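Treat the numbers as computed from the prediction; the structure is a model and nothing was measured.
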Amino acid sequence: MTVQECRDEYEAFMNEVFPKQSGFKNAFNMLVHSGKWDDEVLEKVIKRLVKKRLGQDGDKVLLKDPSEPNPACKVFVTATKSVGANNLGPALFQSYDNPVESKSYENIKLWQAARATSAAPTYFKSMKIGDETFVDGGLQANNPLGW
């Protein structure tokens, strides 16, 4: 997507993901959803956008396509492991093979990577993938190139 397409998509779904709400609703969401905003709504929007843009089931698309381990467009996002965050580096969810990195996140779905990197405490609930729980990548690697 171009930058403008990204902006347009964000503007199209921002009111759905971040609805205006009262202080009571904020408190209710903190108790029920463990965050100010409903993570299930965010997941639904991410999956819908993946389907719209890729024409595939947004629930099944892998971040790294096993048939194309070295894609022309390489992307990664970071997430912070909730256990050991003070002594481990951020988790890198990548769309490509990197020979110096472990392949521990081979089968992560695109929507899971997007949810994990956006799981900012107090805003969205943490994201469990397999046996690990992740929160916002910016907590450890707000600028992953300077990490």
So, do Y105 and F76 have ring centers that fall under 6.0 Å from each other?
->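 No, the ring centres sit 6.0 Å or more apart.
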A side-chain contact here means heavy atoms from C-beta on lying under 4.5 Å apart; do [X] and [Y] qualify?
X: L42; Y: R115; value: yes
X: P71; Y: E68; value: yes
X: D97; Y: K64; value: yes
X: D59; Y: W111; value: yes
X: E43; Y: M127; value: yes
X: M1; Y: R53; value: yes
X: S118; Y: D136; value: no

Derivation and outcome, side chain to side chain contact (heavy atoms under 4.5 Å, CB included), residues L92 and T78 | CA-CA 5 Å; L92 297 178; T78 62; 3.5 Å; yes
Residues that Q4 engages under side-chain hydrogen bond (donor to acceptor under 3.5 Å, both in side chains), provided they are two or more places apart =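 By the side-chain hydrogen bond (donor to acceptor under 3.5 Å, both in side chains) rule, Q4 matches D8.
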Would you name the heavy atoms of [X] and [Y] that are closest together and state the gap between them?
X: Y96; Y: V75; result: CE2-O, 3.4 Å
X: L62; Y: N107; result: CD2-O, 3.4 Å
X: E40; Y: D38; result: N-OD1, 2.9 Å

Salt-bridge present (R48, E16; N to O < 4.0 Å) |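 Salt bridge flag = yes for E16 with R48.
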